[in-house]
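Predicted model only: the values in this text are computed from it and were never measured.
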Amino acid sequence: MSFTISLLSLTLSSFCLLLVLISCFSGGYSSSSSSAAPTRIGKGYRLISIEETSDGGFLGHLQVNQKNNFYGPDIPLLQLYVKHESENRLRVHITDAEKQRWEVPYNLLPRDQPPKPKQAIGRSRKKPISVLEIAGSELIFLHTVDPFSFAVTRRSNGQTLFNSSSGGGDSFGEMVFKDQYLEISTQLPQDASLYGLGENTQPHGIKLYRNDPYTLYTTDVSAINLNTDLYGSHPVYMELRNVGDKPYAHAVLLLNSNGMDVFYRGNSLTYKLIGGVFDFYFFVGPTPLDVVDQYTSFIGRPAPMPYWSLGFHQCRWGYHNLSVVEDVVENYKKAKIPLDVIWNDDDHMDGHKDFTLNPINYPRPKLLAFLEKIHSIGMKYIVLIDPGIGVNSSYGAYQRAIANDVFIKYEGEPYLAQVWPGAVNFPDFLNPKTVAWWGDEIQRFHELVPVDGLWIDMNEASNFCSGKCTIPEGKQCPSGTGPGWECCLDCKNITKTRWDDPPYKINASGLQVPIGFKTIATSAVHYNGVLEYDAHSLYGFSQAIATHKALQGLEGKRPFILSRSTYVGSGKYAAHWTGDNKGTWEDLKYSISTVLNFGIFGVPMVGADICGFYPAPTEELCNRWIEVGAFYPFSRDHANYYSPRQELYQWESVTKSAQNALGMRYKLLPYLYTLTYFAHISGAPIARPLFFSFPAFKECHGLSTQFLLGSSLMVSPVLEQGETKVKALFPPGSWYNVFDMTQTVVSKGQYFTLDAPLHVVNVHLYQNTILPMQQGGMISKEARMTPFTLIVSFPAGASKGEAKGSLYLDNDELPEMKLGNGYSTYAELYATLDQGIVKVWSEVEEGKFALDKGWIIEKVTVLGVGGSEKISALEINGSSVAPDACNIELSSMKQKHLRDLEDGQENSKSLMVNITGLKLPVGENFSMSWKMGLQG
């Protein structure tokens with residue numbers, strides 16, 4: 001459950017307190033500062049030495065030019081370390097030359113360590129600067145000496161990807177490096193398209209928008225708040241630009257967990273950080289897919305997902321007892337809407353306490369009987385756990401936590417906060433003892449209730465109070481009446497340290513609130529003296545790592561974890577949902593951009609709450625939302641405690657839309673699962689913007705109302721109230737409607753108006769593709785065992801063509817998703833069309849698993865074939881086949897082109913060919929061919 005701090009729903013008293021806090025902590029940021037002329041602070045640094053190191057890097061030193069005390073004193077001497085870590089990755093690391101500074105822990109995000117700062121370095125040390133550039137095979141590092149700046153260029157075309165020199169202009173000032181304020185900027189080409197820098201809800205679509213604020217600091221603020229720092233922190237952006245007619249993509253990661261503001265002004269981008277170091281990584285691309293491949297190779301490949309996780313999920317905060325959950329499952333079955341996973345928010349808990357069961361509403365014997373029933377048909381059960389552990393001397397998890405000393409401390413005592421159970425302490429997941437204790441609690445709970453995954457929520461971390469708090473005497477807290485998110489502890493603001501009141505105020509929560517507002521006090525202390533000030537945005541990430549380790553250790557199965565808070569590398573351990581959205585048309589539209597951004601962030605298993613978390617959606621909106629949500633990588637309906645019920649079967653019309661959209665999703669499960677495999681081995685997003693496949697087609701660079709699944713399946717949903725048509729952009733080529741494959745769009749790169757009555761969503765398959773499908777079902781376990789169909793798409797009416805596809809299958813309970821273990825099969829699929837002869841074949845690796853499962857290809861459908869409807873000379877695996885003798889049927893049908901229909905013409909130029917009755921084992925190579933008759 002996550003109905004907590006929406007800035008749009010603060011109580012009057014809370015809002016007044018917030019205004020007082022803001023006035024007390026003024027400075028550093030104004031609402032207009034993103035568009036105002038930048039403040040220049042100091043005259044930067046000069047490079048006084050640089051030399052090659054034994055590891056192939058270059059080590060230099062920078063000396064401040066002129067000290068000032070704006071936002072604190074300058075660090076006088078800096079260490080510069082530059083290294084080409086691979087052919088496609090360059091690192092530029094700048095830190096204090098004389099003492100260690102906070103960095104993202106190397107055990108959380110494994111990577112090479114730069115040379116440690118030396119304790120004594122002569123400040124007047126000067127050597128001739130003989131190194132002018134540091135060239136790698138793809139990237140070149142250049143620098144200027146005084147004031148120091150650096151640039152990164154692409155070797156192949158000389159394009160400058162990053163340039164921190166102001167060039168004497170007024171776009172930005174020189175580099176600044178103080179203890180609690182760091183600033184650096186880069187020039188940008190005016191026509192570049194930038195993506196990333198999240199998590200936030202972007203009203204202008206997926207592209208970064210000039211002068212919009214981008215603040216990164218993990219915060220429990222409802223996703224309905226626009227341009228505000230939300231649950232995750234991802235200080236990475238991808239840039240796409242065209243050089244001549246050729247597109248080039250690259251990415252820039254600033255690996256820093258401290259709070260930051262990032263200002264994008266169109267021709268420049270400026271980072272303002274409140275701590276840590278500059279640790280830049282440049283990824284050369286040059287395609288968007290290359291970028292995410294290189295990025296996830298560094299931060300960690302996305303986690304393998306179990307097959308069932310791609311099914312449909314149902315959740316609600318407010319399933320008061322087990323019988324309600326049982327009814328939900330039964331009603332989905334009656335409505336013939338697919339359902340794989342049923343969830344509980346915290347309703348199953350005893351007094352909102354983690355790792356407990358409510359003995360009245362969720363009695364264990366009845367819950368175990370229910371789980372045995374759903375597990376027997378392949379359904380799964382997932383529950384929520386929050387990080388806050390209730391302060392309760394009779395509560396076993398709390399007793400063991402105290403005994404193991406696992407909590408974050410403030411002034412030597414466990415830091416006291418308030419979440420749903422009331423008073424809580426927060427586990428410190430940077431502490432190895434905490435990781436072991438957490439694993440033990442999860443194991444104990446799994447023995448109590450054999451859940452199939454865990455949902456870790458409120459892990460920004462969220463706190464209903466602020467400051468230093470104590471449990472009030474003489475009153476119940478919480479009272480048990482009214483909303484549970486009002487602070488009832490006795491609390492005092494903490495302002496006495498520079499960590500609670502830093503000199504520069506990031507635009508926290510979009511209102512420049514104190515950074516300790518409604519979270520853990522930033523002067524609280526983690527393991528080994530680490531400050532919450534530095535580690536704040538890593539909390540959910542570190543919890544996900546600990547949870548993943550715990551689940552893997554239970555039964556050796558592939559874990560499924562859903563986390564609200566994320567950081568760089570979270571995708572290696574967890575899926576994500578976009579948090580507390582609203583049941584509005586605007587939020588439906590925003591969800592697409594957020595989902596697509598997380599694919600870039602390396603968290604491809606992502607979705608939004610279908611139909612909106614709160615308030616109640618309209619019936620029409622829920623129809624349209626399931627038509628989008630059925631194609632999110634993670635597809636879940638979730639609603640708030642105070643909203644009316646919104647399961648998909650609640651409306652007859654939504655039931656019909658769900659049957660249609662989810663019915664197609666379940667047919668596409670083998671394709672989606674293959675995409676999760678590619679995500680795991682290469683970082684390729686499951687859902688991705690159109691520019692990933694069409695980077696040279698500039699018209700799609702900012703497109704945020706359509707998206708691709710994989711490289712070639714395009715979803716074009718209705719996102720406006722009352723609309724029964726949708727205007728969709730089709731990149732050049734032939735596109736086939738997967739719901740009716742006789743319907744074809746042949747585009748030169750333009751918009752088409754498509755029919756989209758209430759129960760229809762437009763999904764089109766691009767040419768040159770082979771799409772594996774199955775027959776669907778009410779649950780993924782059942783759907784997975786049905787026969788396969790291969791959909792082959794050629795350019796409409798072409799006399800020559802090629803198509804490719806792939807299929808990955810495995811035992812999805814195994815922790816690893818890979819070939820070579822005897823429990824997986826991979827097939828490359830190929831097809832050609834040449835002079836009327838169609839060939840389709842496969843090349844299979846490790847076919848035994850698929851053979852043991854008995855999977856067969858029953859049907860092949862080929863789209864876009866030219867010629868007459870006469871089909872002859874069918875051969876399968878080198879032998880001529882008489883269709884009638886083998887129960888194989890061949891048929892063809894004319895396709896209708898949208899351009900023809902618009903002109904009122906029926907002169908189809910292509911055919912759809914179906915070959916049914918096949919029994920081709922998926923686990924064996926096959927080949928088939930036939931001849932199309934000549935057009936009369």
Inter-residue atom distance Lys380.NZ - His313.NE2, 0.5 Å rounding
11.5 Å
Check Arg624 with Glu627, please: is the shortest side-chain N to carboxylate O separation under 4.0 Å?
yes
Is any side-chain heavy atom of Leu588 closer than 4.5 Å to one of Leu621?
yes
With heavy-atom distances below 4.5 Å as the criterion, would you say the side chains of Gln659 and Thr655 are in contact?
yes
Does the Lys NZ or Arg CZ of Arg665 fall within the cation-pi geometry relative to Phe312 - under 6.0 Å from the ring centre and within 45° of the axis?
no
Run the side-chain contact (heavy atoms from CB on, under 4.5 Å) test on Leu384 and Met349 for me, step by step, so that the C-alpha distance in whole Å, both residues' side-chain angles and the decisive distance to 0.1 Å come before the verdict.
CA-CA 9 Å; Leu384 172 144; Met349 297 181 186; 3.7 Å; yes
Ring geometry between Trp455 and Trp577 (parallel below 30°, tilted from 30 to 60°, perpendicular above 60°)
perpendicular
Under the side-chain contact (heavy atoms from CB on, under 4.5 Å) rule, what do Trp735 and Asn762 come out as? Steps first, then yes or no, please.
CA-CA 11 Å; Trp735 297 84; Asn762 281 277; over 6 Å; no
Parallel under 30°, tilted from 30 to 60°, perpendicular over 60°: which one fits the rings of Tyr808 and Tyr826?
tilted
Donor on one side chain, acceptor on other, Tyr673 and Asp812, under 3.5 Å:
no
Examine the side chains of Tyr677 and Ser824 and answer whether a donor and an acceptor come within less than 3.5 Å of each other.
no
Working note: Leu339 + Met379, criterion side-chain contact (heavy atoms from CB on, under 4.5 Å); need CA distance, chi angles, decisive distance, verdict.
CA-CA 8 Å; Leu339 180 65; Met379 278 190 66; 3.9 Å; yes
Would you call the rings of Phe613 and His638 parallel, tilted or perpendicular, where under 30° means parallel and over 60° means perpendicular?
tilted
Would you kindly say whether Ser323 and Asn321 are connected by a side-chain donor-acceptor distance under 3.5 Å?
yes
Any donor-acceptor pair under 3.5 Å linking the side-chain atoms of Ser657 with those of Asn623?
yes
Go through Asp386 and Lys353 one step at a time and tell me if the salt bridge (charged side-chain N to carboxylate O under 4.0 Å, His left out) criterion holds.
CA-CA 9 Å; Asp386 289 334; Lys353 297 190 297 293; over 6 Å; no
Within a strict 4.5 Å, meaning less than it, do heavy atoms of the Leu596 and Pro685 side chains meet?
no
Quick check: do Tyr766 and Ser693 have side-chain heavy atoms less than 4.5 Å from each other?
no
Can you tell me if Asp340 and Tyr307 form a side-chain donor-acceptor pair at under 3.5 Å?
no
Set out, in order, the CA-CA distance, both residues' side-chain angles and the distance that settles side-chain contact (heavy atoms from CB on, under 4.5 Å) for Leu662 and Ile626, then state yes or no.
CA-CA 8 Å; Leu662 287 173; Ile626 187 56; 4.2 Å; yes
Basic-acidic side-chain contact under 4.0 Å: Arg558, Asp810:
yes
